[in-house]
Novice: 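The structure that follows is given in the form of structure tokens.
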Amino acid sequence: MADHHDDTTGSPDDDITELIARPAAGFSLVSLADQPVAVQLAAGAVPGAVTGYVFKRVSSTAAAAVGGGLVLIQLAARAGYVSINWRRLERDTKEQWENVKQQSARVAGGTEIGGRSLRSWSQEAAQFAKDNMFVSGGFVSGFLVGLASG
């Protein structure tokens, strides 16, 4: 008996390929305001807890690496292994700080990200938080729990 394939339905692989090929330019946040409060809280708390946990782990590791590196550089400098040109370091640091301030001002001034201004992104996020108060509250609560448990 021969296998029959219906050409009108398409295969699941075709659907995945279509989704991958479609650009994500039309992405927007989905409102959960019509869902039960428990669902809204869970929809915020779970990703919040994961985000808080990961944030604490990554920030702790980064802080330890930076702090340890600074201590090792100081020890090497005191032992005579490393000679630090403090004037040059200060000059270069000031130059980089000016670059950071200029870039920050450019971004705050309405730089576009994905064809939309940063201001429109922040307004959409603020409106989402207002429309989905329980999701937002759940996320913040979950984030704090994730920080505490990490």
Side-chain angles (χ1 to χ4, degrees), residues 11-150:
S11 71
D13 293 336
D14 292 339
D15 296 339
I16 292 171
T17 305
E18 184 178 311
L19 287 173
I20 293 171
R22 189 176 348 167
F27 174 78
S28 67
L29 298 172
V30 177
S31 176
L32 297 172
D34 58 341
Q35 298 295 322
V37 173
V39 170
Q40 293 181 48
L41 287 171
V46 171
V50 171
T51 304
Y53 180 80
V54 169
F55 180 79
K56 183 171 184 178
R57 289 293 178 191
V58 169
S59 62
S60 296
T61 302
V66 169
L70 291 174
V71 168
L72 287 175
I73 288 172
Q74 278 296 327
L75 290 174
R78 290 217 182 248
Y81 293 112
V82 176
S83 175
I84 299 174
N85 184 342
W86 290 105
R87 290 176 205 245
R88 182 176 177 189
L89 178 65
E90 182 180 3
R91 183 191 73 221
D92 290 348
T93 303
K94 284 181 182 178
E95 287 176 14
Q96 290 304 315
W97 181 247
E98 290 301 318
N99 288 338
V100 167
K101 288 195 307 190
Q102 289 174 358
Q103 294 295 327
S104 298
R106 189 173 65 93
V107 168
T111 298
E112 290 192 358
I113 299 172
R116 293 175 52 201
S117 71
L118 187 61
R119 182 163 291 144
S120 73
W121 283 97
S122 63
Q123 288 171 346
E124 184 178 346
Q127 189 62 45
F128 177 83
K130 289 177 188 174
D131 294 344
N132 297 282
M133 188 180 344
F134 293 112
V135 175
S136 303
F139 182 87
V140 171
S141 300
F143 185 82
L144 295 174
V145 168
L147 280 178
S149 66

Novice: Any salt bridge between K94 and E98, counting N to O under 4.0 Å?
Specialist: no
Novice: Does any N or O in the side chain of N85 come within less than 3.5 Å of the main-chain N or O of R88, such that one atom is a donor and the other an acceptor?
Specialist: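 Yes; judged by distance alone, with no hydrogens or angles, the pair exists.
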Novice: Quick one: closest heavy-atom pair of A42 and P47, and the distance?
Specialist: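 Reported closest heavy-atom pair: O-CD, 4.0 Å.
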Novice: Restricting to non-hydrogen atoms, name the atom on A77 and the atom on I84 that form the minimum distance, rounded to 0.1 Å.
Specialist: CB-CD1, 4.1 Å
Novice: For residues V39 and Q35, report the shortest heavy-atom separation together with the two atoms involved.
Specialist: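 Result for this residue pair: CG1-CB, 4.0 Å.
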Novice: Do Q127 and D131 get their side chains close enough for a donor-acceptor pair, meaning under 3.5 Å?
Specialist: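 Result is yes, a qualifying pair exists.
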Novice: Measure the shortest side-chain to side-chain distance between F139 and T51 over non-hydrogen atoms and say whether it is less than 4.5 angstrom.
Specialist: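 In short, these two side chains touch, coming nearer than 4.5 Å.
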Novice: Please check this pair: side chain of S59 against backbone of K56, looking for a donor-acceptor N/O pair closer than 3.5 Å.
Specialist: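 Pair found, side chain donor or acceptor close to backbone of K56.
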Novice: Would you say the side chain of T93 lies within less than 4.5 Å of the side chain of E90, judging by non-hydrogen atoms?
Specialist: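 The answer is no, as the side chains (C-beta and beyond) never meet within the 4.5 Å cut-off.
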Novice: Step through the shown structure and confirm whether more than 12 heavy atoms of other residues, nucleotides or ligands are within 6.0 Å of CZ on F134.
Specialist: no
Novice: Test side-chain contact (heavy atoms from CB on, under 4.5 Å) on R57 and Y53; report intermediate values, then the result.
Specialist: CA-CA 6 Å; R57 289 293 178 191; Y53 180 80; 3.5 Å; yes
